2 protein chains.
Amino acid sequence: MEKTGDIINRLTEQGYRLTPQRMMVLAAIEKSDHHISAEEIYAQVVAKYPYFNISTVYRTLELLHRLGLVTETDLGGGRVRYHPADKGHHHHLVCQECGKVIDLDESVLDHLKLVLRKDYKFDPDTRHLAFFGRCADCSK
Amino acid sequence: MEKTGDIINRLTEQGYRLTPQRMMVLAAIEKSDHHISAEEIYAQVVAKYPYFNISTVYRTLELLHRLGLVTETDLGGGRVRYHPADKGHHHHLVCQECGKVIDLDESVLDHLKLVLRKDYKFDPDTRHLAFFGRCADCSK
DNA sequence: TTCTTATTTGCAAAGGGTTGCAATAACTTT
DNA sequence: AAAGTTATTGCAACCCTTTGCAAATAAGAA
């Protein structure tokens with residue numbers, strides 16, 4: 001499993017600077033055991049370093065995502081959550097009734113990916129996806 | 001095919017009022033031959049009726065969507081587009097390189113829907129979906 | 001046709017995210 | 001160790017959408 005140190009190496013290797021802000025953002029993502037939002041990261045970091053600005057969170061997340069170090073999950077309506085890339089890929093089922101989020105194994109989409117590549121010559125992004133609907137409990 | 005008049009009937013039957021603003025929003029959606037955005041609707045209506053406010057567009061779209069009369073397609077990053085529900089369901093492939101949007105027949109998702117219902121007891125929403133990736137031209 | 005009242009609108013403010021720009025600071029070079 | 005260079009930050013403004021609230025108005029009652 002990739003540690004924070006490895007991510008830091010990847011950054012410097014590619015010519016990016018190691019700023020305290022980036023390290024604090026990284027620490028917040030690594031520490032979190034769930035899919036964290038930009039707001040949550042901001043709240044954690046600003047508590048220790050009051051001058052910290054939320055636009056830095058967004059810019060850092062965009063960088064880490066571009067380098068493939070974190071995944072973005074668009075939960076619809078503009079809500080996006082982040083997750084360390086090395087903690088496993090998966091997709092999500094979001095219940096629109098109770099808000100529950102169910103993890104979905106990546107392999108469930110293998111068939112669809114195949115069809116898109118074969119019939120549409122379209123190479124789909126492997127990023128986390130969310131599907132909306134109603135979970136078992138709410139369908140009763 | 002359902003005409004604007006039918007949609008108007010559906011609104012009044014359910015106790016919603018027929019305001020000029022709602023009729024103008026409806027006309028703009030029906031008239032458009034593509035997936036229209038809230039901004040585009042607003043621009044069309046405000047040209048005829050300057051006092052018109054964009055929050056009315058959003059509230060009307062939310063109502064029409066709730067009643068199942070228009071579909072919402074979330075193209076990611078908070079960009080949402082609207083389409084009359086009776087003009088056919090389909091999903092979209094969005095090329096992240098050139099921006100092209102390819103329509104995808106709804107049946108492509110049949111297999112996935114089946115798996116979600118069977119293995120996850122999850123009833124997925126039939127709304128328009130967008131998948132991101134790279135189209136044939138950009139993959140060359 | 002007028003009165004009544006609950007829905008809907010317009011407005012203004014706010015929420016979440018993005019962007020341009022000047023100042024700062026991480027890394028490089030000397 | 002100091003200076004130079006350029007990426008990065010903080011700030012403020014902006015974009016798109018949502019929301020609270022008082023004023024306006026559509027539809028039903030009288």
Side-chain angles (χ1 to χ4, degrees), chain A residues 7-26 28 35-67 69-70 72-82 96 130, chain B residues 7-29 35-67 69-70 72-82 96 130:
Chain A
I7 293 189
I8 287 174
N9 289 342
R10 293 265 274 280
L11 283 177
T12 47
E13 277 162 21
Q14 308 219 20
Y16 295 100
R17 291 182 184 170
L18 240 54
T19 65
Q21 290 89 335
R22 279 183 182 159
M23 304 227 271
M24 289 188 283
V25 169
L26 263 173
H35 292 65
I36 197 169
S37 69
E39 279 293 330
E40 287 169 340
I41 295 171
Y42 175 68
Q44 277 187 39
V45 177
V46 85
K48 295 188 180 174
Y49 173 50
Y51 291 106
F52 187 65
N53 194 278
I54 195 158
S55 59
T56 300
V57 177
Y58 287 108
R59 285 191 274 228
T60 302
L61 289 171
E62 196 265 324
L63 172 65
L64 295 175
H65 180 238
R66 187 148 38 81
L67 296 179
L69 301 172
V70 303
E72 274 184 11
T73 305
D74 190 337
L75 294 180
R79 289 175 307 150
V80 179
R81 298 195 149 256
Y82 298 86
Q96 290 178 309
Chain B
I7 293 190
I8 288 175
N9 289 340
R10 291 266 274 281
L11 283 177
T12 49
E13 278 163 21
Q14 308 218 20
Y16 294 99
R17 292 184 184 169
L18 241 52
T19 64
Q21 290 88 335
R22 279 182 181 161
M23 304 227 271
M24 290 188 283
V25 169
L26 263 174
I29 298 175
H35 292 65
I36 196 169
S37 70
E39 281 290 331
E40 287 168 340
I41 295 171
Y42 174 68
Q44 277 187 40
V45 177
V46 85
K48 295 187 179 172
Y49 173 51
Y51 290 106
F52 186 65
N53 195 279
I54 195 158
S55 60
T56 301
V57 176
Y58 288 107
R59 285 191 277 229
T60 302
L61 288 171
E62 196 264 324
L63 173 66
L64 295 175
H65 180 237
R66 187 149 36 80
L67 296 179
L69 301 173
V70 304
E72 274 184 11
T73 306
D74 189 337
L75 294 180
R79 289 175 306 150
V80 179
R81 298 196 149 254
Y82 298 86
Q96 290 178 309

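Heavy-atom basis, side chains included; hydrogens, waters and symmetry copies ignored. Small disclaimer: the values here were computed from a predicted structure and weren't measured. Letters go in sequence order (proteins before strands), and every chain restarts at 1.
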Taking protein heavy atoms under 4.0 Å as touching, what does nucleotides 19-30 of chain C look like 5' to 3' if B marks base contact, S marks sugar-phosphate-only contact and - marks none?
-> BB----BBS---

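For the pair A:F52 and B:A38, both in contact range of DNA chain D, the more 5′-proximal nearest nucleotide belongs to A:F52.
Within 4.0 Å of B:Y49, counting heavy atoms only, lie sugar-phosphate atoms of the nucleic acid but no base atom.
Residues A:L61 and A:I41 form a side-chain contact, since some pair of their non-hydrogen atoms from C-beta on lies under 4.5 Å apart. Looking at B:I29 and B:V70, their side chains come closer than 4.5 Å, going by heavy atoms from C-beta outward. Looking only at side-chain heavy atoms (C-beta outward), B:Y16 and B:L67 come within less than 4.5 Å of each other. Contact check for B:Q21 versus B:T60: no side-chain heavy atoms found under the 4.5 Å cut-off.
Following rounding to the nearest Å, B:Y51 (OH) and C:dC11 (P) show an atom-to-atom distance of 8 Å. Atom C1' of nucleotide D:dC14 and atom CD of B:E39 are separated by 13 Å, given to the nearest angstrom. Rounded to an integer number of Å, the gap from OH of A:Y42 to P of C:dG17 is 13 Å. A straight line from CD1 of B:I54 to C1' of D:dC16 spans 8 Å, rounded to a whole angstrom. One interatomic measurement links the two molecules: CZ of A:R81 to C1' of C:dG16, which rounds to 13 Å at whole-angstrom precision. Computed from coordinates, the A:M23 CE to D:dA7 C1' distance equals 16 Å when rounded to whole Å. Between A:I36 atom CD1 and C:dG16 atom P there is a gap of 15 Å when expressed in whole angstrom units. Separating the CG atom of A:L63 from the P atom of D:dT8 is a distance of 7 Å, rounded to the nearest angstrom.
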Just distance, no hydrogens or angles: give the donor-acceptor pairs under 3.5 Å from side chains in residues 49-56 of chain B, sequence neighbours left out.
from: B:N53; atom 1: OD1; to: B:S55; atom 2: N; distance (Å): 2.9
from: B:N53; atom 1: OD1; to: B:S55; atom 2: OG; distance (Å): 2.8
from: B:S55; atom 1: OG; to: B:R59; atom 2: NH2; distance (Å): 3.2

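Note: B:E72 CD to B:H35 NE2 = 12.0 Å, rounded to the nearest 0.5 Å.
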